[in-house]
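Worksheet: the structure to be examined is printed underneath.
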Amino acid sequence: PEAAYAVRGDVLLDGALGDVSIEVTPRAAGGDVLDLDLEWGADQPLEGHATVRGKPGGLISTLIDAPPDDVLNIAVDASRTIGDWSLVARGHGVEREAIIIEGQQAGEKISIRGDADLSLSGRTGALGERLGAPVVFDLQLEPNDQGADAILELETPTLGMTAGGRLLET
């Protein structure tokens, strides 16, 4: 299907600094909407908000193979400075939360946690049915002289797993 969109925005790029504000809205009712407002640079690696609303049959719903009548909403918030930041991302359909991801860095340690219902997308549905819902994950990264130590814990109704390793700088 064809769709016409209106795009409004401001972009300021100056070396390592940036400020982007973009709004993409459908000219006719029923299309996907993107609203992005991000700043980065200096001691502020990333701050802002992004919102995506995918309508049934729209580009986003088609890409992730969402159920045909589902309206998708994805929101991402990022804030703080280098060495002390947080990120929250949420995605949900009409009545169901599909994914929540929370990340943060305090000092040197980085934590990323989340849970997802993989059965809500046609692309991951078979895996979601096999693992069950929710799929809960917790990733911890702790920098060291060689790179970073990593620990990943994954838990579903049918699987529990812990893996560790070292990410080496090259």
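Note: Arg53 CZ to Ile74 CD1 = 11.5 Å, rounded to the nearest 0.5 Å. Considering CG of Leu141 and NZ of Lys109, their distance stands at 10.0 Å, rounded to 0.5 Å. To the nearest 0.5 Å, the span separating CG on Asp149 from CG on Asn144 amounts to 4.5 Å. For the atom pair Ile101 CD1 and Phe137 CZ, the distance stands at 4.5 Å (nearest 0.5 Å).
Of all the heavy atoms in Pro157 and Ala133, the pair that sits closest is CG-O, 3.5 Å.
Within the 4.5 Å cutoff, no side-chain heavy atoms of Glu108 are placed close to those of Glu142. Between Asp138 and Leu152 there is no side-chain heavy-atom pair separated by less than 4.5 Å. With a 4.5 Å cut-off on side-chain heavy atoms, Ile151 and Leu139 do not count as touching.
Tested against Leu118, the residues Thr156, Ile99, Val135 include a single side chain to side chain contact (heavy atoms under 4.5 Å, CB included) partner, Val135.
At distances below 3.5 Å, at least one donor-acceptor pair connects side-chain atoms of Gln105 with backbone N or O atoms of Gly107. Distance alone, capped at 3.5 Å, is enough to place a donor-acceptor pair between the Thr158 side chain and the Leu131 backbone.
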- Message: Does Asn73 form a side-chain contact (heavy atoms from CB on, under 4.5 Å) with Val52? I'd like the steps, not just the answer.
- Response: CA-CA 6 Å; Asn73 292 290; Val52 178; over 6 Å; no
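Residues Thr162 and Glu153 bring no donor and acceptor atom of their side chains to less than 3.5 Å of each other. For the residue pair Asp37 and His49, no side-chain donor N or O sits within less than 3.5 Å of a side-chain acceptor on the partner.
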